[in-house]
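Just so it is clear, the model here is predicted, and its values are computed rather than measured.
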Amino acid sequence: MAYISMGEAHRRINEYLNRFSDSVSYEDGPSLKHLLSVSSNSSSLLSLADALNVFQEANRLIKQSDRFSQLGEIIAPLLRCLQNYRMDHMVDAYNAFEKSANAFLQEFRNWESAWAMEPLYAIAYEIRVLAERADRELASHGKNPEKLKGAGSFLMKVFGALAGKGPKRVGALYVTCQLFKVYFKLGTVHLCRSVIRSIETARIFDFEEFPVRDKVTYMYYTGRLEVYNENFLAADQKLAYALIHCNPRSQANIRMILKYLIPVKLSIGILPNSWLLEKYNLVEYHNVVQALKKGDLRLLRRALQEHEDRFLRSGVYLVLEKLELQVYQRLVKKIYIIQKQRDPSKAHQVKLDVIVKALKWLEIEMDVDEVECIMAILIYKNLVKGYFAHKSKVVVLSKQDPFPKLNGKPVNS
């Protein structure tokens, strides 16, 4: 930090106070947003923080002016937040920001027009980001990380201030998306339900009136929830919406959506092209797709083992694990095709011990009884059409469409 004189520090603080007051007086939302964006690391806010560490009587400046004192409950803790943020004291920064945010929300409720939506968005974003950093600081000192939970409670209050009639309701979806990020981070995704109900059932909301950015984020998170609940058709619909409407220049966001959409597509029998996996660096799915194409159970299991941590963190491991049934179907189909080439008249009769030998070649040990159980499941779930000839240990395949395609539908549960 370069040397700052007392006079220069006083000037910087006064300049910020005047800009803050003017932004509120003239209802200049964009300007006020920048003044609240603590984590943006903008040069103007960093220089203000340096000034606050030199001139320790900013509160006196606020109290001495009627113009500033009216906003004192917002500004004073906000300045403390900036000062602590600059010194990397994240818990103190969060505590101060939360106090400022509550005071801002109180004022926001009294403003009839929606001029302050952008500043409110900044506050909703900042309180989440600062809470995450504060929790990392607490955890590093062996203390209970509790700030993100507090940020969630504050965001619920913000949502309540927006979820009514009038122009402010357009901000409800942005705050909902911030809540989703909090709940997913905390592992309390069940708390998303009440907010989703408010968005999807309340007549005061028209989904199409919300900004595209917020709709994409909302569909992404609700799509992930559907994956979590194994509602693959709904997940496909929501994640596909997010992908179609996502900014094509936002490569990172497209990758995040595809990370969940690809397992969903695989579960309903739709395989992605190799170029898509390479373009968005999703190579962890390459061998999964190859396993489905080849009927190679060994390859699928190796892929799941190799990328286990990544798939578990994403919450898609169980979805991918259930692809085994489709791999078994493909394996039996390959046996059927080979038999058809050798002896078309007996192609529809697949001996269980042939499947056992094919699995053994793939280094997977199964006896006839285990294979019979697998085949029974495939028939039950309509992945294979046929029946058992138990005495001869043969699966007799239907002569018409023995291997039904999923055609965009999940495997029968």
Side-chain angles (χ1 to χ4, degrees), residues 1 4-87 89-90 92-131 151 154-155 157-158 161-162 167-168 171 174-175 178:
M1 182 181 77
I4 304 173
S5 68
M6 188 68 73
E8 173 61 17
H10 184 277
R11 185 196 67 77
R12 290 182 188 180
I13 295 168
N14 254 322
E15 181 185 21
Y16 178 85
L17 293 175
N18 281 311
R19 287 176 62 199
F20 200 103
S21 180
D22 286 345
S23 297
V24 175
S25 297
Y26 296 112
E27 299 186 351
D28 184 352
S31 295
L32 187 55
K33 173 188 173 182
H34 291 302
L35 299 175
L36 291 163
S37 299
V38 176
S39 68
S40 65
N41 292 321
S42 71
S43 57
S44 60
L45 290 183
L46 291 176
S47 66
L48 171 64
D50 292 338
L52 289 165
N53 286 319
V54 172
F55 187 86
Q56 301 287 336
E57 298 185 44
N59 280 351
R60 179 170 58 82
L61 292 179
I62 295 169
K63 290 176 182 176
Q64 283 178 346
S65 167
D66 290 339
R67 187 182 185 208
F68 303 148
S69 62
Q70 292 175 353
L71 300 168
E73 290 187 12
I74 300 172
I75 300 175
L78 181 59
L79 294 180
R80 286 201 305 275
C81 171
L82 285 163
Q83 194 172 4
N84 281 292
Y85 181 85
R86 183 62 160 155
M87 294 187 292
H89 298 163
M90 290 300 164
D92 291 336
Y94 171 81
N95 290 336
F97 191 84
E98 185 182 50
K99 190 171 183 179
S100 175
N102 274 297
F104 183 93
L105 182 59
Q106 189 61 41
E107 289 295 323
F108 179 85
R109 291 177 192 273
N110 297 328
W111 295 327
E112 291 184 9
S113 74
W115 73 267
M117 293 308 304
E118 285 193 50
L120 190 70
Y121 292 161
I123 284 175
Y125 173 82
E126 291 293 335
I127 201 161
R128 177 181 63 80
V129 170
L130 292 174
F154 172 78
L155 287 170
K157 288 196 287 186
V158 177
L162 297 171
K168 293 180 181 179
Y174 179 87
V175 177
Q178 295 300 318

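Considering only heavy atoms from C-beta on, F55 stays 4.5 Å or farther from I4 through its side chain. Using a 4.5 Å cut-off on side-chain heavy atoms (C-beta onward), L45 and V38 make no contact. No side-chain heavy atom of R19 sits under 4.5 Å from any side-chain heavy atom of S31. Looking at heavy atoms from C-beta onward, Y85 lies in side-chain contact with N41 at the 4.5 angstrom threshold.
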Give every donor-acceptor pair under 3.5 Å between a side-chain atom in residues 73-83 and any protein atom, sequence neighbours left out.
| from | atom 1 | to | atom 2 | distance (Å) |
| --- | --- | --- | --- | --- |
| Q83 | NE2 | L52 | O | 3.3 |
| Q83 | NE2 | N53 | OD1 | 3.0 |

Side-chain donor-acceptor pairs under 3.5 Å in residues 107-117, sequence neighbours left out?
| from | atom 1 | to | atom 2 | distance (Å) |
| --- | --- | --- | --- | --- |
| N110 | ND2 | Q106 | O | 3.3 |

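Within 6.0 Å of OH in Y125 there are 12 or fewer heavy atoms belonging to other residues, nucleotides or ligands.
Under the side chain to side chain donor-acceptor pair (under 3.5 Å) criterion, E98 pairs with Y94, sequence neighbours left out. Annotation: salt bridge (charged side-chain N to carboxylate O under 4.0 Å, His left out) contacts of E15 (sequence neighbours excluded): R11. Residues satisfying the salt bridge (charged side-chain N to carboxylate O under 4.0 Å, His left out) criterion with R128, sequence neighbours excluded, are E132. Taking the side chain to side chain donor-acceptor pair (under 3.5 Å) definition, one finds that S5 meets it with nothing, sequence neighbours left out. Taking Y121 as the reference, Y174 meet the ring pair (Phe, Tyr, Trp, His ring centres under 6.0 Å) condition, with sequence neighbours excluded. Looking at residues two or more places apart in sequence or on another chain, you find a side-chain contact (heavy atoms from CB on, under 4.5 Å) between S37 and K33, S40, A122, E126. For H89, the side-chain contact (heavy atoms from CB on, under 4.5 Å) partners at least two apart in sequence or on another chain are N84, M87, D92.
Note: D28 CG to E118 CD = 9.0 Å, rounded to the nearest 0.5 Å. Expressed to the nearest 0.5 Å, how far CD1 of I127 lies from OG of S39 amounts to 12.0 Å.
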Could you go step by step and tell me if H34 and S42 meet the side-chain contact (heavy atoms from CB on, under 4.5 Å) rule?
CA-CA 9 Å; H34 291 302; S42 71; over 6 Å; no
